[in-house]
Amino acid sequence: MNLQPIEMLEKNFFRRDALTVAPDLLGKVLVREKNGEEIRFVIMEVEAYDGEEDSACHASRGRTPRTEAMYGPAGFWYVYLVYGMHYMLNITTGEEGYPSAVLIRGAREVTGPGRLTRALSVDASFNAKEASKDTGLWIEEGTISPSLGEVEKTPRIGVDYAGEWASKPYRFVWKDNLKC
DNA sequence: ACGATGATGAAC
DNA sequence: TTCATCATCGTA
């Protein structure tokens, strides 16, 4: 038997196109450490937000205080509040200077981006912090990943305002065939 | 199908 | 300083 420490995903994993990173995150494990306890969720649903051209991406309005993190290096959290109630958790991707990120929308046993951040006790204080053990929130290698046939591609949720970009298949879901 | 609820960015 | 908007969710 070959027991190796579980590998934390580092900058190089995230320093690729958001559209490449997004499906690759399915099956990876989101880890939150709080008060000495670690909770883990297998990532099941994500969306890519890719650059200023993407009307659904917050960076479509250019660089603002809110979108700073997306313009920074890959592997950092981008967290913001929507509808005055729910925090959305994103991980930044791509080269520094190019704004892009992947929204983590759901995990095994937790469906919905707002419910996920609540389950993890994640709020805006994580914004622009690195995904690492130091910050108490990171992503690890998983034990299984979906096969190609198990990944469903659909338009993103809640971005109907984004014109032609609203219909692009930037959402990736691991169809949970094995669930029982 | 609707209201809660508050930060953000843009207009004035 | 005001205002519309919003990557949602729970209850009806």
Side-chain angles (χ1 to χ4, degrees), chain A residues 9 13-14 16-30 32 39 41-94 97-131 135 137-139 146 151-176:
Chain A
L9 300 185
F13 177 91
F14 300 105
R16 298 177 291 156
D17 291 343
L19 284 157
T20 304
V21 174
D24 213 6
L25 277 173
L26 299 176
K28 301 295 190 289
V29 181
L30 186 56
R32 172 77 161 107
I39 41 178
F41 291 111
V42 178
I43 297 171
M44 300 297 283
E45 180 185 355
V46 296
E47 284 175 1
Y49 288 85
D50 187 27
E52 294 181 346
E53 301 301 304
D54 177 359
S55 311
C57 182
H58 291 162
S60 62
R61 290 162 180 278
R63 195 189 275 244
T64 67
R66 181 171 66 164
T67 58
E68 255 327 284
M70 277 203 286
Y71 284 84
F76 283 64
W77 299 115
Y78 170 46
V79 184
Y80 65 91
L81 187 67
V82 264
Y83 300 113
M85 309 195 73
H86 307 290
Y87 292 102
M88 300 290 105
L89 178 63
N90 300 247
I91 185 82
T92 62
T93 56
Y98 183 86
S100 63
V102 173
L103 169 65
I104 303 175
R105 285 192 58 88
R108 188 162 293 151
E109 310 291 310
V110 185
T111 58
R115 293 176 185 146
L116 185 63
T117 50
R118 202 159 42 144
L120 293 166
S121 304
V122 163
D123 60 25
S125 67
F126 285 87
N127 186 50
K129 299 226 173 106
E130 191 164 17
T135 60
L137 186 64
W138 68 95
I139 301 176
V151 178
E152 183 180 11
K153 292 167 68 171
T154 82
R156 291 168 292 185
I157 306 291
V159 296
D160 293 344
Y161 60 86
E164 56 179 316
W165 293 86
S167 56
K168 294 199 182 280
Y170 282 10
R171 173 173 174 255
F172 302 87
V173 187
W174 184 1
K175 290 183 285 183
D176 201 3

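Lettering of chains follows the sequences in order, A, B, ..., and the numbering in each one begins at 1. Bear in mind the structure is a predicted one, so any value in this text is a computation, not a measurement.
- Formation of a donor-acceptor pair under 3.5 Å by the A:Asn127 side chain with backbone atoms of A:Val79 is found in this model.
- Partners of A:Glu47 under the salt bridge (Lys or Arg N to Asp or Glu O under 4.0 Å) rule, at least two apart in sequence or in another chain, are A:Arg105.
- Comparing B:dT5 with C:dC3, their C1' atoms sit 16 Å apart, to the nearest whole Å.
- Not counting sequence neighbours, the partners of A:Ser55 by the side chain to side chain contact (heavy atoms under 4.5 Å, CB included) test are A:Ala162, A:Trp165.
- Listed by residue number, there are no residues of residues 45-59 of chain A with a heavy-atom contact under 4.0 Å to DNA chain B.
- With hydrogens and angles disregarded, no donor-acceptor distance shorter than 3.5 Å links the side chain of A:Arg63 to the backbone of A:Tyr71.
- On the C1' atoms, C:dT5 is 16 Å away from B:dG3, given to the nearest whole Å.
- Legend: salt bridge (charged side-chain N to carboxylate O under 4.0 Å, His left out) pairs involving residues 158-172 of chain A, not counting sequence neighbours, sorted by first then second residue: A:Glu45-A:Arg171.
- Residues that satisfy the side chain to side chain contact (heavy atoms under 4.5 Å, CB included) test with A:Ser121, not counting sequence neighbours, are A:Arg32, A:Lys34.
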Only Watson-Crick and G-U wobble pairs with both distances less than 3.5 Å should count. Give DNA chain B in dot-bracket notation, marking inter-strand partners with |.
||||.||||||.
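- Within the 4.5 Å cutoff, the side chain of A:Phe126 has no heavy atoms near those of the A:Leu89 side chain.
- The salt bridge (charged side-chain N to carboxylate O under 4.0 Å, His left out) analysis of residues 73-85 of chain A, with sequence neighbours excluded, yields no pairs.
- Listed by chain and residue number, A:His58, A:Tyr78 satisfy the ring pair (Phe, Tyr, Trp, His ring centres under 6.0 Å) test with A:Tyr80 (two or more places apart in sequence, or in another chain).
- Under a 3.5 Å cut-off, the side chain of A:Thr135 and the backbone N or O of A:Glu130 do form a donor-acceptor pair.
- Salt bridge annotation for A:Asp123-A:Arg118: absent, with no cationic side-chain nitrogen under 4.0 angstrom from a carboxylate oxygen.
- Reading DNA chain C from its 5' end, the first and the last nucleotide to sit under 4.0 Å from a heavy atom of chain A are C:dC6 to C:dG10.
- Residues from residues 115-124 of chain A with heavy atoms under 4.0 angstrom of DNA chain C, sorted by number: A:Arg115, A:Arg118.
- With contacts defined as side-chain heavy-atom distances shorter than 4.5 Å, the pair A:Val42/A:Leu26 does not qualify.
- Within the 4.5 Å cutoff, the side chain of A:Ile43 has heavy atoms near those of the A:Ile104 side chain.
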Could you write nucleotides 4-12 of chain B as a row of B, S and -, 5' to 3', where a protein heavy atom under 4.0 Å of any base atom gives B, of only sugar-phosphate atoms gives S, and otherwise -?
BBBSSSS--
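- Stacking of A:Arg16 on the aromatic ring of A:Phe14 is not recorded, the 6.0 Å distance cut-off and the 45° axial limit not both being met.
- Comparing the C1' positions of B:dC2 and C:dC6 gives a spacing of 16 Å, expressed to the nearest Å.
- Applying the side chain to side chain contact (heavy atoms under 4.5 Å, CB included) criterion to A:Pro169, with sequence neighbours excluded, gives A:Lys153.
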